[in-house]
Amino acid sequence: MAKAAILESVGGLTIGEVELADPGPHEVLIDTKACGLCHSDLHFIEGAYPHPLPAIPGHEAAGVVRAVGSEVKTVKPGDHVVSCLSAFCGHCEFCVTGRMALCLGADTRRAPDAPPRIMRADGSAPVGQMLNLSAFCEQMLIHEHACVAIDKAMPLDRAAVIGCAVTTGAGTIFNACKVVPGETVAVVGCGGVGLAAINAAKIAGAGKVIAIDPIAEKRDLAQVLGATHAVDAMTDDAVDQIMKISGGGVHHAIEAVGRQASADLAVKILRRGGTATILGMMPLDCKVGLGALDLLGGKKLQGAIMGMNHFPVDLPRLVDFYMRGLLDLDTIIAERIPLEKINEGFEKMKGGHSARSVVVFD
Ligand SMILES: [Zn+2]
Ligand SMILES: [Zn+2]
C-alpha cells in the first residue's frame, strides 16, 4: 500500500492509497524519497493537456530501489536513483542516432497482458500512470530505462529536481545549444527550468547571461545562479535593453515559460545567426515563427524536449557538478513540503513567485 496524490478530476489532487504491481522483467520498484512540482504537472491538473483520469502525476523524482525484475541489469536494490520521463527503448532510429529524448519509449510501457502497474488500494480499479512514472506516490513502478543510479552521497531532495527541470535547462545549454565559451545567452522565464539554464550557461562559460522575468525576486535568484544581467520582461523597452546589453542580439535565446509572447520575444532578441530554443509547453494552438529577414539573417528556431538529454549519461554528470559546487541546486529549491501540502504547492506555482517546491516523503 502506498500513499499518493491522485488526479481524480481536473482541478486538484486528492490524497489516497494505491497498490503497485510486482515488477515485470524490466521494471524497477522504487521507494520515492522526493519529487519536485513541475509546471507540466500543472498543465495536466488544470486540464490544458488532456489525460485519462484517475491518474497520478509527478515525474521529477529520486528514490531508493526496493526491488527489480528478473531482467533488470542497470540498477539493483539499494541503489539511489533519479527518474526521468525520457524513457528510451534503445533500438529505434532516435535512440541509435543519439537523440534518445525523442524516443517514444513504446517498449518501456507495461505489456498489454500484464496487470496494471497501479491499482486502487482496495483492488477495485486501475489508476493511470502518468508519463510512465507517477512519482507523487510513496512508491514508483517504472521501466529500468526510466531511471539511472547516482552517487549515494547526493542528497535525494536535490537529486529529484535534476530529473526534469535541471536536466531540461542544463541539457538545453549543453546538448541542444552547445554553448561556446563567450557566447551570449538570454533566458526568458526564471522558474526551475530557466534558472537551471542560467546556471548551466555559467558552467559552460557563457559571456553574458541575461535573465528575463517580470518578477524581481526571480531576477535576483537568477543573478545568484550566474546571470550577469537581468531585464524585467514587462517593461516597454525590454527588447531594446537586451539588444544594448548583448551588442545587437544574443547567440542563444531560451524560452522557458510556455507563452506565445515569451516565445516571440526569444525570436526577436536573436542576433544574426542566433538560435531560439523553445522549452515551455505552450497552449496547443500556439505557433512561433521566423520572418523572411530572420531567415536571411541565418536565424534558427528549435524545440529541445527535456533538454535533448541522454539522461543515463547526463544525470550522473549533473550530480557530479552539484557535488563539486558548480551546479547550485540549493538556490533552485525554494521549499520542501509533505505530500499533503501538494495542492498548496501548485497554488504557489500559479502565483509565479517561488522557484521549485519539492515534496519529500519520510
Ligand atoms: Zn517536468
Ligand atoms: Zn528508442
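Because the structure is a prediction, the values reported are computed rather than measured. Note: hydrogens, waters and symmetry copies are ignored here, and every other heavy atom, side chains too, is used. Indexing begins at 1, ligand by ligand and atom by atom, following the structure's order.
- Atoms of the protein (N, O or S only) found under 2.8 Å from the Zn ion (ligand 2) are Cys89 SG, Cys92 SG, Cys95 SG, Cys103 SG.
- The only member of Thr167, Asn309, Asp314 that meets side-chain hydrogen bond (donor to acceptor under 3.5 Å, both in side chains) when paired with Asn175 is Asp314.
- Between Ser83 and Ile142 there is a side-chain heavy-atom pair separated by less than 4.5 Å.
- For the pair Thr331/Leu221, a side-chain contact is recorded, criterion being any heavy-atom separation below 4.5 Å from C-beta on.
- Ion pair Glu8/Arg120 flagged as a salt bridge, since at least one NZ, NE, NH1 or NH2 atom sits closer than 4.0 Å to an Asp/Glu carboxylate oxygen.
- Applying the salt bridge (Lys or Arg N to Asp or Glu O under 4.0 Å) test to residues at least two apart or on different chains, the pairs with a partner in residues 51-68 are Asp31-Arg66, Glu60-Arg356.
- Residue Leu296 places its CG atom among more than 12 non-hydrogen atoms of other residues, nucleotides or ligands, all under 6.0 Å distant.
- If you take CG on Leu279 and NE2 on His39, they are separated by 13.5 Å, rounding to the nearest 0.5 Å.
- A salt bridge is defined here as a Lys NZ or Arg NE, NH1 or NH2 lying under 4.0 Å from an Asp or Glu carboxylate O, and Arg219 with Asp213 fails to meet this definition.
- With sequence neighbours left out, Asp22 forms a side chain to side chain contact (heavy atoms under 4.5 Å, CB included) with no residue at all.
- Only protein atoms were considered; those of element N, O or S under 2.8 Å from the Zn ion (ligand 1) number 3.
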